[in-house]
> 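One structure coming up, written as structure tokens, with questions to follow.
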Amino acid sequence: MAKYNKFNKLDLNFYLNPNVVEVARELLGKIIVKQEKGKKIMARIVETEAYEGAEDAASHAYQNKRTIRTETMYASGGTAYVYLCYGMHHLFNIVTNQKDIPHAVLIRAIEPLSPLPDNHPKQKRKTGSGPALVTRYLNITREHDATSLLTDAFFIVDDGYQVRNIRESPRIGVAYAGAAALWPYRFFIQDHPHVTPGYNY
DNA sequence: GCGCCGATTTGCT
DNA sequence: GCAAATCGGCGCG
């Protein structure tokens, strides 16, 4: 008899994968679950980007650079890396690979699976259709930086959803990164309505 | 519908 | 001082 596998939490082994590009692709279709103060919010991942640490000029950890901000990238796989972008937006990344190898996957867009709270700020774009809108919907802030994704409060599950049309492209907003700016490290579900506007091709 | 630009912290020169 | 893994408001015509 087949085991009923409907909400299978991703485990440490998933996050320790040494190939961060593969992890970025595999995260498409997975569900982020966050439970805090009695509220549960779920969202399906529809767009990601891989950041390949020391060898990647687009990464905060290029050439193994260490700062207060990026120290979290050197944690073990399965850790959340949340940082402030442009002085006002929180961006959520998932650290991968083993400790001291600063690989991470940026969650660029999600499809909301829970209702919006009454106090959700009104916005122009679709809910979750950009990296800062992902953290706004899920209430992810720097308080979650360096926290584990293997707890019961904040984790990712595979519900068996099969992603049909995966597309790839260069990453967004990293034109300064020389040759790395052209690497096909961005993955998204083709024609999904919550992918970053203007980049669904 | 598009392009310009401001917001506002972090990190490097 | 300036640019950054961004977003939304404004002016244009």
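In what follows, every chain begins at residue 1, and chains take the letters A, B, ... in the order their sequences are listed. This structure is a prediction, so every number in the text was calculated from the model and none was measured.
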> To the closest 0.5 Å, what do you measure between CG (A:L149) and CG (A:L10)?
9.5 Å
> Salt bridge check: are A:D152 and A:K9 linked by an N-O gap of less than 4.0 Å?
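A salt bridge is present here (some side-chain N lies under 4.0 Å from a carboxylate O).
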> For atom C1', what is the distance between B:dC2 and C:dA5, given to the nearest Å?
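Looking at atom C1' only, B:dC2 and C:dA5 are 23 Å apart.
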> Please report the closest heavy-atom contact between A:A109 and A:H194, naming both atoms and the distance.
CB-O, 3.3 Å
> Is there side-chain contact between A:V163 and A:Y161, with at least one heavy-atom pair below 4.5 Å?
yes
> With a non-hydrogen cut-off below 4.0 angstrom, is A:E49 in contact with a base, only sugar-phosphate, or nothing?
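No contact.
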> Are A:I41 and A:P117 side-chain neighbours, meaning at least one heavy-atom pair lies under 4.5 Å?
no
> State, yes or no, whether a side-chain contact exists between A:N93 and A:V105 at a heavy-atom distance under 4.5 Å.
no
> Output the distance between atom CG (A:N165) and atom CG (A:L28), rounded to the nearest 0.5 Å.
11.5 Å
> Do you see a donor-acceptor pair shorter than 3.5 Å between the side chains of A:E22 and A:N17?
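Yes.
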> Students should find this one: the first and last nucleotides of DNA chain C, 5' to 3', lying under 4.0 Å from a heavy atom of chain A. What are they?
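First-to-last contact on DNA chain C, by the 4.0 Å heavy-atom rule, is C:dA4 to C:dG8.
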> Without decimals, in angstroms, what is the distance between A:D145 CG and B:dT9 C1'?
14 Å
> Closest-nucleotide mapping onto DNA chain C: is A:R136 or A:A175 further toward the 5' terminus? I mean the 5' end.
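Counting from the 5' end, the first nearest nucleotide belongs to A:A175.
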> At a heavy-atom distance below 4.0 Å, what parts of residues 60-91 of chain A sit against DNA chain B?
A:K65, A:T67, A:I68, A:R69, A:L84, A:Y86, A:G87, A:M88
> Taking any heavy-atom pair under 4.0 Å as a contact, classify A:A58: base, sugar-phosphate, or nothing.
base
> Can you give the dot-bracket line for DNA chain C, using ( ) for pairs inside the strand, [ ] for pairs that cross earlier ones, | for pairs with another strand and . for unpaired bases, where Watson-Crick and G-U count if both distances are under 3.5 Å?
||||.|||||||.
> Do the side chains of A:I140 and A:F154 get nearer than 4.5 Å, heavy atoms only?
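Yes; the side chains approach each other to less than 4.5 Å.
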> With heavy atoms under 4.0 Å as the rule, sort A:R171 into base, sugar-phosphate or nothing.
nothing
> Between the side chains of A:T67 and A:T70, is a donor N or O closer than 3.5 angstrom to an acceptor N or O?
yes
> Taking atom P in both B:dT8 and C:dC10, what distance in whole Å separates the two?
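Those two atoms are separated by 16 Å.
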> Got a second to check how far A:N97's CG is from A:M73's CE, nearest 0.5 Å?
11.5 Å
